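The structure appears right after this line, and notes come after that.
Just so we're on the same page: letters track the sequence lines, and every chain starts at 1. Since this is a predicted model, take the numbers as computed values, not measurements.
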Number of protein chains: 2
Amino acid sequence: MKVNFKKQNRLKEFSKDKSKIGLKNSQKRTLIIEYFLHEDKHFSVEELYNEIKKISSEISYSTVYRTLKLLTTCGLADECNFDDGITRFEPVHKAQHHDHLICKRCGKIIEFKNNEIEKLQQDVAKKYKFSIKFHRLALYGLCSECKKKQRGN
Amino acid sequence: MKVNFKKQNRLKEFSKDKSKIGLKNSQKRTLIIEYFLHEDKHFSVEELYNEIKKISSEISYSTVYRTLKLLTTCGLADECNFDDGITRFEPVHKAQHHDHLICKRCGKIIEFKNNEIEKLQQDVAKKYKFSIKFHRLALYGLCSECKKKQRGN
DNA sequence: GTGAAAATGAAAGTCAATTTCAAAAAGCAA
DNA sequence: TTGCTTTTTGAAATTGACTTTCATTTTCAC
Ligand SMILES: [Mn+2]
Ligand SMILES: [Mn+2]
Ligand SMILES: [Zn+2]
Ligand SMILES: [Zn+2]
């Protein structure tokens, strides 16, 4: 595998994390983390496991699972739910919080950030004297490509 | 159980539904539907099952489950996911679509509708040439009452 | 190297959701 | 009402994603 070394700083960040107290440097975990951060996609455990198996047949589902959970604990990954019963993980990149458009036909995931929406959410919260800790906004439908294909049917 | 007969029109609506072709009029299903529509809450199968058991010990979890799924198919109920791994069902009432504030401490669910947010979602979709079929917006945090209690700790 | 502690993999366990299937209920027609 | 067919029901089994267990392997400080 080719590792994007621009992402290596993320690993260093991980190494410095307080959660790392008591952790050892395992080759397998490092490989999983590098691959995950480099690909920068929305991976289910299964998907990441299958991709990594291609480049290294020596890694188990359990290890991939535990590594993704660990990254989540350390704040380097986020769990996503897209209403299909599968938990996906995405790297937390510097480009902060964002929400998602999910194509129900091809599965494509588009990220977006809309500050006006975020602001209006706060207005809603204020109205109900509610403190928002986090939120989930997902827009489901058809991406542009799938719309074209649909018309062709 | 006291049935709110103002809601009976909903049942008639159900009876007319095309999906009802081939369905028989079962007393148990009717009881479940009446209770569900009358209470107008966000029920998990387990919760609805437990409440109905109190008034009629003769109904099984399976039947409650199947009835809620049937209502969903008929468009009289919606499934909700509030990030706790439990599917909840809510009646689809005339007061159309809405989104939710969910208190992570006491579980309270507040419904809200914000047309500006809905509008901005369409703007986002347009930007990506995406057709939104439906969306989910959930704001998680602390309700006003729980905020007070938290300070008291 | 040696030993303690952490990581790993395979298998087992968990739990909500879903399906199976034999028995009961509904409903139609004689 | 009775007989017959279809739908509904309940208990139990199954599914599937996720999570934990535990014996073995790896890491790493000494
Ligand atoms: Mn994302
Ligand atoms: Mn609601
Ligand atoms: Zn698509
Ligand atoms: Zn609360």
Side-chain angles (χ1 to χ4, degrees), chain A residues 11 14-15 17-36 42-50 52-53 55-74 77-90 107, chain B residues 11 14-15 17-36 42-74 77-90 107:
Chain A
L11 284 174
F14 171 75
S15 303
D17 192 284
K18 284 160 190 156
S19 309
K20 184 154 185 308
I21 291 169
L23 296 191
K24 291 184 173 173
N25 258 326
S26 96
Q27 295 185 342
K28 291 174 179 179
R29 185 159 57 199
T30 299
L31 174 62
I32 295 165
I33 293 174
E34 289 183 351
Y35 191 89
F36 174 68
H42 301 80
F43 278 112
S44 67
V45 175
E46 185 82 28
E47 287 164 351
L48 183 53
Y49 168 62
N50 285 327
I52 289 182
K53 244 197 327 196
I55 57 168
S56 165
S57 56
E58 295 299 314
I59 286 182
S60 73
Y61 178 97
S62 301
T63 300
V64 173
Y65 166 77
R66 279 184 291 229
T67 300
L68 288 174
K69 294 300 267 190
L70 179 62
L71 286 177
T72 303
T73 301
C74 296
D78 265 350
E79 294 190 17
C80 305
N81 263 151
F82 296 142
D83 267 50
D84 62 355
I86 310 284
T87 300
R88 277 162 233 275
F89 296 78
E90 63 176 338
Chain B
L11 283 174
F14 171 74
S15 303
D17 192 284
K18 284 161 191 158
S19 309
K20 185 156 184 306
I21 291 169
L23 296 190
K24 290 183 174 175
N25 260 322
S26 99
Q27 295 186 344
K28 291 176 178 178
R29 185 159 56 199
T30 300
L31 173 62
I32 295 166
I33 293 173
E34 288 183 350
Y35 191 90
F36 175 69
H42 300 80
F43 279 112
S44 67
V45 174
E46 185 81 29
E47 287 164 350
L48 184 53
Y49 168 64
N50 284 328
E51 290 201 17
I52 290 182
K53 246 196 326 196
K54 290 179 194 159
I55 58 171
S56 166
S57 56
E58 295 300 316
I59 286 181
S60 73
Y61 177 96
S62 301
T63 300
V64 174
Y65 166 76
R66 278 185 289 230
T67 300
L68 287 174
K69 292 301 266 189
L70 179 62
L71 285 176
T72 303
T73 301
C74 296
D78 265 349
E79 293 190 17
C80 306
N81 264 152
F82 295 143
D83 268 48
D84 62 353
I86 309 285
T87 299
R88 277 162 234 275
F89 296 78
E90 65 176 337

Review point. Can a side chain N or O of Lys69(A) be found less than 4.0 Å away from OP1 or OP2 on dT19(D)?
Key: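 For dT19(D), OP1/OP2 do have a side-chain N/O of Lys69(A) under 4.0 Å.
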Check your understanding: Distance check: side-chain N/O of Thr87(A) vs OP1/OP2 of dC18(D), anything under 4.0 Å?
Key ->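 It does, given that an N or O in the side chain of Thr87(A) lies less than 4.0 Å from OP1 or OP2 of dC18(D).
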Length of the [atom1]-[atom2] vector between [X] and [N], whole Å:
X: Glu58(A); N: dT26(D); atom1: CD; atom2: P; value: 10 Å
X: Leu70(B); N: dT8(D); atom1: CG; atom2: C1'; value: 11 Å
X: Asn25(B); N: dT6(D); atom1: CG; atom2: P; value: 19 Å
X: Arg88(A); N: dA17(D); atom1: CZ; atom2: C1'; value: 12 Å
X: Gln27(A); N: dT26(D); atom1: CD; atom2: C1'; value: 9 Å
X: Asp84(A); N: dA17(D); atom1: CG; atom2: P; value: 10 Å
X: Ile32(A); N: dT26(D); atom1: CD1; atom2: C1'; value: 14 Å
X: Glu79(A); N: dA17(D); atom1: CD; atom2: C1'; value: 12 Å

Review point. Any side-chain heavy atom of Arg29(A) sitting closer than 4.5 Å to one from Leu23(A)?
Key: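 Touching, per the 4.5 Å side-chain cut-off.
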Exercise for review: Give me the first and last nucleotide of DNA chain C, going 5' to 3', that has any atom under 4.0 Å from a heavy atom of chain B.
Suggested key: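 Counting from the 5' end, contacts occupy dA16(C) to dG27(C).
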Practice item. Go through the structure and list residues passing ring-ring contact (aromatic ring centres under 6.0 Å, His included) with Phe82(A), not counting sequence neighbours. Key: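 Listed in chain order: His100(A).
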List every contact pair, protein side and nucleotides 20-22 of chain D side both N or O, where the distance is under 3.5 Å.
from    : atom 1 : to       : atom 2 : distance (Å)
dT21(D) : O4     : Arg66(A) : NH1    : 3.1

Review point. Which word best sums up how the rings of Phe43(B) and Phe36(B) line up, parallel for under 30°, tilted for 30 to 60°, or perpendicular for over 60°?
Key: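 Phe43(B) vs Phe36(B) ring planes: tilted.
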**Study point:** Pairwise distance NZ(Lys53(A)) to CD1(Ile59(A)) - rounded to 0.5 angstrom
**Key:**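 Here the interatomic distance stands at 11.5 Å.
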**Study point:** Gln27(A), CD atom: more than 12 neighbouring heavy atoms under 6.0 Å
**Key:**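 Incorrect, the count does not exceed 12.
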**Study point:** Ile33(A): which of Leu68(A), Leu70(A), Thr67(A) passes side chain to side chain contact (heavy atoms under 4.5 Å, CB included)
**Key:**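 Only match with Ile33(A) under side chain to side chain contact (heavy atoms under 4.5 Å, CB included): Thr67(A).
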Exercise for review: Please confirm whether any donor atom in the side chain of Lys24(B) sits under 3.5 Å from an acceptor in the base of dT7(D), or the reverse.
Suggested key: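 A donor-acceptor contact between them is absent.
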